[in-house]
A.B. asks: 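Pasting in a structure now, in structure tokens, and then I'll have a few things to ask.
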Amino acid sequence: MAAAEPDTDQLSSPGSEFLNFSAKDTASRWLAAADLQQEVYRHLAAYVPRILCLGPSSSGGSSREGQREEQREEQREELAYQLLLLAPLEWLLLREEPAAGLAQLQENNRPSPLCGHVFKVGEPTYSCRECAADPTCVLCMQCFLGSVHKEHRYRMTTSGGGGFCDCGDAEAWKRGPYCQKHTPTDRHTEEDPVAQLPADMVARGYSIFSIILKYAVDLLTCDQEEQLPAGLEPPERGDTYYCMLFNDEVHTYEQVIYTLQKAVNCSQKEAVSFATMVDRDGRKSVRYGDFQFCDQAKSVIVRNTSRQSKPLRVQVMHSSVVAHQCFALKALSWMGQIIQYSDGLRRILCQVGLQNGPEGENSSLVDRLMLNDSKMWKGARNIYHQLLMNSLLMDLKYKKIFAIQFAKNYRRLQTDFMEDDHERVVSVTSLSVQLFTVPTMARMLMVEQNLMTTIIRTFVDHLRHRDLQGRFQFDRYTAQQAFKFGRVQSLIGDLKYVLITRPSEWTNQLRLKFLEGLDAFLDLLKCMQGMDPVVRQVGQHIEMEPEWEAAFTLQMKLTHIISMIQEWCSTDEHVLIDAYRKCLSALSQCHCGLPDGEQPISLSLAGHTVDTFRYQVSQDKVSIHLPVCRLLAGLHVLLSRTELSSRVPEQLPLGELSPPLLIELPLRCLVLCAQVHAGMWRRNGFSLINQAGASMMDPNHFLMIVLSRFELFNIFNSADVRKRYREANKDVVQQNNTLIEEMLHLIIMVVGERYVAGVGQVEPFDEVRREIIHQLSIRPMAHSELVKALPENGNKETGLEGVIDIVASFKKPGVTGRGLYELRPEWNKNFNLYFHHYSRADQSKAEEAQRKLRRQKGEDTALPPPLPPPLCPLFGSLVNLLQCDVLLSVEGAVLQWAVESSGGGWTESMLQRVLHLVAMSLLEEQQQLENNRDDDVTFNYTYKITREAPSPSGSVLALLETLQKAPQLEVHKDMITWIIKMVANIKTMREQTASTSTVSVCPGHGAEETVRDRDKAERKRKAEMARLRREKIMAQMSEMQKHFINENKELFQQSLEELEASTSAAAETSATGLGPTCVTQVCVGPRRVGRAEHRQLVTCILCQEEQEVRGHSRAMVLAAFVQRSTVLSKNRRHIVPDPERQEPLFMHPDLSLGIHTASCGHIMHAICWQRYFEAVQLKEQRRQQRLRGHTSYDVENGEFLCPLCECLSNTVIPLLPHSPDHRCTHSLSLPVSVNHPTLEAWLNTTNQQIATLHSAHRKQSDGTAEEAEPAGEAEPAAPEGFRVDFTPQSPFSSSIREMITTFSVSTYKVGLKLNPNEQDPRVPVLSWSTCAYTIQSIERLLMEEEKPLFGSLPCRQDDCLSSLTRFSSACWTVAPLKTVHTHFIRLFTALFPDSQVENTPCILDTDMFHLLVYSVLSYSSVQSLDQSGCSVVDSAHLHLLHLVTVAHLVQILLTSTTEEVCMDQDSEGSEEEILTCQLYNTLRKHLGSVLPQVSSGWQLWRCVKAGILPFLRATALFFHYLNSTAPPADLLVAGPGHWEALCSFLSLPSNLLQVHQNQHTLLEPLIYRWCCHPGVRQTLQGGGVIVRFPRESNRLIELPEDYSVLINQASSFTCPRSGGDKSRAPTLCLVCGSMLCSQSYCCQTEVEGEDVGACTAHTFTCGAGVGLFLRVRESQVLFVAGKTKGSFYPPPYLDDYGETDQGLKRGNPLHLCQERYRKIERLWRQHGIAEVIGHAQEANQTLVAIDWQHL
Ligand SMILES: [Zn+2]
Ligand SMILES: [Zn+2]
Ligand SMILES: [Zn+2]
Ligand SMILES: [Zn+2]
Ligand SMILES: [Zn+2]
Ligand SMILES: [Zn+2]
Ligand SMILES: [Zn+2]
């Protein structure tokens, strides 16, 4: 706050006053005044309207100039209110220079240990899963890193804004509440911080804060558009108004933008900026002027938006009102800052804010703000919420007082929120999380303000629609009501906060209020019990229809609350008993009148009789919403768990409700579910209620009622009905079968589900373990899948981590896929086929998997139930269900049907369930025998099934024995065998205990013998069957495969990756097959070794015809994709010049933009391809006519998918025969040196040829009619045999020529982004360019991956390079000769400078490999005119190579040394070093001091060797493909020692400097001329980009190991366009590291006439249209190609379980996986991004519809 020297020019209106103004004097004057408020108001009234809101800045708009102007305006404004308005206030408070005073305050402050850092949107927050009191307790990154929790299991999320760091709050953390920074020291005291301030400052603080806070509150809460509060009227009032537009959540961005353009006559850009501001701040002035002017705009806006919905809110406000409101916000922020310096001042502000006003109760300033919250605009709310957080919530004393006020106003605030249409984050109600989650606070509010009851009653009040019985009715909701229903649900969230931590201690008051709350809650549940009843219609399936959803959502949300209430009850006996009573009476109220009108009947079966009433689910109404029953069941289990029922049975009203009534409704519901095949609701714990009911009833009675409700009673009761039923029509039979299955399932659940603490004797731990075992029995699963499958508690914990390692082993993920947990084999025996959380699908999958597992291990496939845990006493009688007569009769009946087998009256799953029940009974008996003395064992199932005969065919056992032999029951045979064995065992046990009365007995062996033998035979038979089956399958498979191959399908599904991996077998065999060991392989020059001519046969993938590749036959082509590339760029700032004027003949060594060609290697006839492409075009036309769908490729731009592998392509490369040999055939045996001219001779000839061409060209351009050439220039003598007028014969058929042109033009079109133009002389250059660039980029790839130069490329790349090189060597044949000649001449001049040719770039601005390729390829055209027969093109190639090599050496030497290296090497240098030094000194001679002096030849030679290596490697690749020379053996393997092999392959001496040395005299003048080019000196002196060699390969940017670092980085990233605003979708470019503000209007840019998002715009400069990004908030990689294509890709960040977290939903800590990142990098380097996008879009059509260009 230093007193800055004000700039008078910029302060126009209050200029002179400003200079004379003294804040100190003003403050003193105020202090002396009698009425301070009056003085301050007078000052504000005078200054505020003159400083703030002076109308829009002059130029406005979004032009850069306009933006700068606006910024200057803002700065001016800020300076003014700082010095004129705030400074006097600060002086007044501090009585000294503010900066010093504040520092002093801070010094004396003893801050509370609370961190209180308020989170920005997108900032990372951390919560400890082990220590946090609840999941809302979070730490900021700084505190987290300094806390103990970073070693714990933690969760990381990004903040949605609002909320603050809980570091230092002892209640929020079970352990480690303080980070290092916030650990309390002895400086902290409990004493009142106000007492530490000087008394006079306290007094001044009170008065200033009250004046300013009141001022702000008055202004923000007043409804006036015209009038200001008393005392603030401006001295003079002009006719200046604002037209203020307010935000709402009803209108879309587009609507607002459209309306604004109409109403205020602004450009689209301005409208967008207005709309963005309105959305961000909640309001924005869109027009400034006199009243009429503004009012006019208002009416247009209102008129335009009122048609569909309520109109946009617009106000015409006087400028002074706006100015004061604006300052009010600044004043609030100012106070928020001041109190950061002193806890004392903070407390004073709190006191001022909460002091009751003149109206008494609820009239404090804070109350007024809260109660007006929903009327304020977003920006204002945000600022005052922030102030509340900085003040009231940071002061523990006032936090409480505030909480009480908040609770008092709760109902009113929530009602306002319902009417408000803003999101909850900007509502004051969202502060509830800060208050209610503090356990002591929540309890205090419950006791003092009856908070629990208030919340529930408020909630119920907002759901008004009821049916006649007073139950909620959602199906009649209007859209408006549905919207409100969405909002009212936040109240359940509040209730959850209040209940989240159960009390450790109860007071009487708390009991009282909790039970009162429970009453309210039960009232709520009563409104839900039985809501939305349905009548089943035959054949109808229950689906989630809209009106079901609301009821369902409610039930789901309340499930958590119900379990929390149960937890509270579990901690206090009195509460539990009272709650149980209340719940019971609520249930009886719901049930009163239940059996009304239903006839009583009496049922009897198996000798038992029960009275009930007639009721048919299939005809009457049933509801699935029974929350009261659920609560009661839960409490019942608690009674069992706490053993209260046995200790104080007299206090429990257990006899009050009849068990049949208890089970009635849930049973109906289950039957309904069974009838409609909806297994899903079984999970909802209705079996628990049935368990409670059944445990209190006679088992026979219970079962009879069940049978009756399932409408199955008669089937089991009378043989007649049974018979009739089996003869009934198919539908009825099938339906009844399903019902029997479901009924049996229910019995299995009721008896068998014991994994709830209280029902069975288990710990919660056992429950989780069982859950995991059963999930993993289906298949191995990833961590997140398991978490999803497990129920979460209120803390969002599943308990998974405590158990998982015991039952499962972890398999790490590879580069793709994710980590998986696999069940350890020893847990397989715990598998229960009828696990209650299995859906039908799960069940059959698990059954399949388990049987397979057992077969693999050679075991039998019986899946008997596992041993169940013992029941708790209260539920103990449940086991009697298993041996009761009714069940036995049911079992007998089903088995009997199975025996009779004819007719469809039974099903296998029915039988399977019965077998399961039998097995459960046997296990029960066995367990009882093992644990008790024989005479205590009441359970005697074996006796009953052996002796009693429920059916005509004999006992249950007899039936089972019959079934064992039945051939049709193969699958169940093992299970039946298991049962019979078990019966035998139990018999032995009983006999043994009876005879000897010994203790435990292991399963006997005697009786087992025969069983075992039978087993063996059985298994053998099965093995044989399995073998036969396998053979049959194998035969089928091989048949299928043949078919498959015929159709060429096997390549179809092969992914990109696999293609990469399948290394070119062909290349390897051909290379090694030639046996290159004895002959030194040379690929260039007269001594090169050609490959034996061999016929190349290829097959067209479209017509399957085979054809030889020959120059004169029909053209064959390869599908190819040409794209611009910046992968090798060393200069990303390079600006692409206007394509019309681009001069591509010389490639700059920064390789800033290249053209890359790739191919999938699939070959077609040109004609077949053309037909195919025409068909694609036609299809596209038809598609466009029909509907506006999308395709993944752009047909208009020539794109198509390879018909075989669907690889994205946009052109084709013609296949050419290898070198239509320029050499005589005998050159295979090489006696040629005669024909090889020396460099000097060749240069002479070439110069002569060039001169001849020159003059010929001149003649041509002068026109033939023109007379003789100008005098003075003699006609140069043409070399012998060189005929300028000769037209060489094309060696190719017309169809091949056509394809050559096609590909040339494609490279031209893509490379220059121009429309095709065959005549453009640049066409051949671009063809050569893509050849050179592609070779260079592949050379880099091989180098980076340390693969050998030859033989390691995948087929498709090998084929691609080979055809690409052959094509480019032939493309001159379709271009005008003169054009190619001119190119050659210019290229040659770069090496052999000629003053006649202009615009030759200097040696430092030329990429030598490109130069070599271009000149070699263009030379053919010159050579073709030579008819002398004595020149050989190979010699020319070698000379060109030598020349370029020397040029490159010079280039490297010029750029390699930057600083003097003082490494004094031994003087004795090798020959190379000496020669290098010589050359370097020559260069210094020419260039002088521009080059530093270097004494070490060793150093230089090292630089040269490393620098030139990539060039030599690329050159070797080039000549290898050009001349089809087999590579030498040394280069087929990776490793060192390649230098010699490489040099000799290229016919170069291994001491490269000899190339220079040998032709010293000839080259010396050349070198001199290279160095003299003015560009060289200029560049070296810093006038241009210096590229050094070797050019380092580009990599993707380094990413941090810990993902939260990125999140943090992104959270502080602000949108570069809208001054300091947080970006919503910060996105990181992985290529250059720029952070972008993506997916937002603010950062759209125009590219090629279209508005595109920041990412797309960035790709055009950074990646030539292709981009890779990391969307930081989403943890997702984004690939973009062009404007229309994109896809998402899994991020390289994994959690500890080997999974990615796309969307950051789970919050596990994420760490960088290097392998995956390298994989993405490789994709990029291979130019595979576009292809990956293509494949992704083909696989997922929804990706095609995304507007990628807006990202
Ligand atoms: Zn913190
Ligand atoms: Zn901290
Ligand atoms: Zn912790
Ligand atoms: Zn064909
Ligand atoms: Zn293909
Ligand atoms: Zn932006
Ligand atoms: Zn970039």
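For ligands, and for the atoms within them, numbers begin at 1 and follow the listed sequence. Everything quoted here is computed from the prediction, not taken from an experiment.
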A.B. asks: For Q268 and D1651, what are the C-alpha separation, side-chain angles and deciding distance, and is it a side-chain hydrogen bond (donor to acceptor under 3.5 Å, both in side chains)?
C.D. replies: CA-CA 11 Å; Q268 152 108 17; D1651 275 342; 5.0 Å; no
A.B. asks: Distance-only, no hydrogens or angles: does the S1295 side chain make a donor-acceptor pair with backbone N or O of A1115 under 3.5 Å?
C.D. replies: yes
A.B. asks: Is it the case that the side chain of T1656 and the backbone of Q1749 share a donor-acceptor pair, with hydrogens and angles ignored and the cut-off at 3.5 Å?
C.D. replies: yes
A.B. asks: Assess whether side-chain hydrogen bond (donor to acceptor under 3.5 Å, both in side chains) is satisfied between T1126 and R1132, documenting all intermediate values.
C.D. replies: CA-CA 8 Å; T1126 63; R1132 287 198 189 279; 3.0 Å; yes
A.B. asks: Does L1751 reach the side chain of R1671, with side-chain heavy atoms less than 4.5 Å apart?
C.D. replies: yes
A.B. asks: Treating N1210 as the side-chain partner and G1198 as the backbone partner, does any N or O pair qualify as donor plus acceptor under 3.5 Å?
C.D. replies: no
A.B. asks: For G1154 and M1147, work out which heavy atoms get closest and say how close.
C.D. replies: CA-CE, 4.3 Å
A.B. asks: With the Zn ion (ligand 4) as the centre, enumerate protein N/O/S atoms below 2.8 Å in chain and residue order.
C.D. replies: C1100 SG, C1103 SG, H1165 ND1, C1168 SG
A.B. asks: Please check: side-chain N/O of S1293 versus main-chain N/O of S1113, any donor-acceptor pairing under 3.5 Å?
C.D. replies: yes
A.B. asks: Between E1715 and R1718, does any side-chain N to carboxylate O distance fall below 4.0 Å?
C.D. replies: no
A.B. asks: Anything protein N/O/S under 2.8 Å from the Zn ion (ligand 7)? Just list residue and atom, please.
C.D. replies: C1629 SG, C1632 SG, H1658 NE2, C1662 SG
A.B. asks: Kindly say whether G1686 contributes a backbone atom to a donor-acceptor pair with the side chain of Q1737 at under 3.5 angstrom?
C.D. replies: yes
A.B. asks: Determine the minimum heavy-atom distance between R1673 and G122, stating which atoms define it.
C.D. replies: NE-CA, 3.3 Å
A.B. asks: Using a cut-off of 2.8 Å, how many protein N, O or S atoms sit around the Zn ion (ligand 6)?
C.D. replies: 4
A.B. asks: Is the backbone of K120 close enough, under 3.5 Å, to the side chain of E123 for a donor and an acceptor to pair up by distance?
C.D. replies: yes
A.B. asks: Run the ring-ring contact (aromatic ring centres under 6.0 Å, His included) test against F1173 and tell me which residues pass, sequence neighbours left out.
C.D. replies: W1169, F1200
